[in-house]
Amino acid sequence: MSLLFEPFTIQGMTLKNRLVRSATQENTASLGGVPTDDARRLYRRLARGGAGLIVTGHAYVNRAGQAALLQNGAHTDAAVAAWRPIIEAVHEHGARIAMQIAHGGRQAQSHSLGRRALAPSAVPNFVEFSWPRSMTEGEIEQTVQDFGAAAGRVKAAGFDAVQIHAAHGYLIAGFLSPLTNRRRDGWGGDPERRFRFLAEVYRAVRREVGPTFPVLCKLNLKDFFFGGLSPRESFLAAHRLAEMGLDALEISGGIYETGLHTTRGDPFMPLAREQKNPLKRLLLEVALRLEAPRTGFEEAYFLPYAVELKASLPIPLILVGGIRRPEVAEAILEAGHADLISMSRPLIREPGLPNRWLAGNREPAQCVSCNQCLRAPMLGGRLQCYWKGTKPA
Ligand SMILES: Cc1cc2nc3c(=O)[nH]c(=O)nc-3n(C[C@H](O)[C@H](O)[C@H](O)COP(=O)(O)O)c2cc1C
């Protein structure tokens with residue numbers, strides 16, 4: 001029996017296998033952040049498809065933290081409680097479901113949302129061409145509370161776990177990074193103070209959900225931007241979270257401006273081509289073309305970081321990024337470099353991939369990493385596989 005299909009337990013939550021659907025922004029919520037019928041259909045398909053743990057797309061903990069128009073909300077009891085039928089459907093298939101809670105920070109799509117983004121510091125967003133406002137201490141403290149309250153709602157609604165989104169340049173990752181956190185107060189200035197926001201969020205979440213509810217975190221290890229977060233700092237953060245009682249860590253990397261490191265593969269050119277302003281179009285096109293040669297697809301592209309971190313990390317590690325073949329996933333588990341294998345794009349293309357592998361059809365995932373699915377997080381499109389070609393031999 002493949003190790004991929006052996007159960008695994010995180011803080012009392014037993015997963016039927018080692019395959020995780022990594023958080024993936026769906027754009028299937030109402031303007032109020034409530035899941036629609038499209039969300040129900042999407043999650044039924046995923047649950048039927050066999051993943052052991054399903055993590056929702058990021059859900060904003062307060063309105064100021066909303067990153068996109070049709071994103072999930074975790075800011076009200078009603079928005080989170082509306083997931084109950086989805087949670088039940090997921091459980092019927094023997095899968096578990098976690099909600100990922102987040103704040104958009106400097107990456108909130110301020111133009112479509114019609115409000116200025118809030119961030120640790122006023123560092124411009126060069127994808128959105130927007131200028132966020134630096135948060136006051138009061139706003140920071142309130143946001144910490146909002147993360148706690150959101151986690152409480154997640155538990156009350158019947159989710160099996162909560163995942164704190166501290167990756168990809170959103171607010172928490174923004175605080176961790178010396179590139180985007182230029183503060184010189186209690187929330188920035190050195191690695192300890194840059195870590196403080198995540199630490200406070202974790203404590204608020206833990207206070208709210210209690211010691212036995214699984215709390216996960218998705219953490220950026222590296223921004224891939226000059227002056228940004230490096231593994232030297234992020235590994236320390238990972239160890240600190242483990243000491244504080246975090247139950248499992250998923251690792252990733254990249255921020256908006258270096259998003260091709262998060263989702264390696266083809267550059268998402270519509271991001272440039274669909275800009276109305278010719279200057280923005282040109283700048284984004286040049287930026288994408290410059291980035292592309294360094295971010296072509298590679299299998300398991302965060303594995304080297306997992307190898308290094310897992311050697312000393314005392315809690316389960318979840319590895320995401322470019323995992324497409326069952327043999328590769330198994331080899332990672334067997335070598336002990338990770339405990340769970342997480343996938344996003346392969347399950348957009350093929351929600352039934354885990355069950356296909358389980359049934360003995362071990363062909364690689366059909367996903368070709370064309371990245372057209374980035375239309376969801378980048379341009380507000382509905383989450384789906386947009387690939388129209390045939391898979392190259
Ligand atoms: C369409 C799309 C939406 C995403 N939304 C999220 C999200 O809401 N939260 C998150 O942590 N990562 C998000 N990601 C990143 C994925 O979870 C994952 O880290 C990345 O796609 C690499 O894994 P893969 O090669 O299996 O796709 C998204 C990725 C894609 C393609």
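Ligands are counted one by one from 1 in listed order, and the atoms in each one are counted from 1 as well.
Among R345, E250, E299, the residue whose heavy atom sits closest to atom 27 (O) of ligand 1 is R345. For the residues Q100, H58, Q372, R324, the heavy atom positioned nearest atom 9 (N) of ligand 1 is part of Q100.
Here P346 has side-chain heavy atoms under 4.0 Å from ligand 1, and that is the only part of it that gets that close. Contacts between R264 and ligand 1 below 4.0 angstrom, taking non-hydrogen atoms only, are absent altogether.
Assignment of E26 to the shell around ligand 1 is not supported, since no heavy atom sits closer than 4.0 Å. The closest approach between P377 and ligand 1 falls below 4.0 Å for a heavy atom of the residue.
In terms of protein heavy atoms, atom 15 (C) of ligand 1 is closest to H168 CE1, 3.8 Å. Considering only non-hydrogen protein atoms, atom 4 (C) of ligand 1 sits nearest to Q25 N, 3.4 Å.
Between L383 and ligand 1, no N or O atom pair is found at a separation short of 3.5 Å.
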Test side-chain hydrogen bond (donor to acceptor under 3.5 Å, both in side chains) applied to S130 and R106, step by step: CA-CA 8 Å; S130 59; R106 68 186 272 282; over 6 Å; no
Stepwise side-chain contact (heavy atoms from CB on, under 4.5 Å) check, I54 with R96: CA-CA 6 Å; I54 296 170; R96 302 291 193 150; over 6 Å; no
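Checked by atom type, the side-chain pair E26/Y43 shows a donor-acceptor distance below 3.5 Å. Under the 3.5 Å distance criterion, with hydrogens and angles disregarded, no donor-acceptor pair is assigned to the side chains of R193 and N181.
Using bins of under 30°, 30° to 60° and over 60° for the plane-to-plane angle, the ring pair H58/H165 lands in the perpendicular bin.
R264 forms a cation-pi arrangement with Y301, by the criterion of a distance under 6.0 Å to the ring centre and an angle within 45° of the ring axis.
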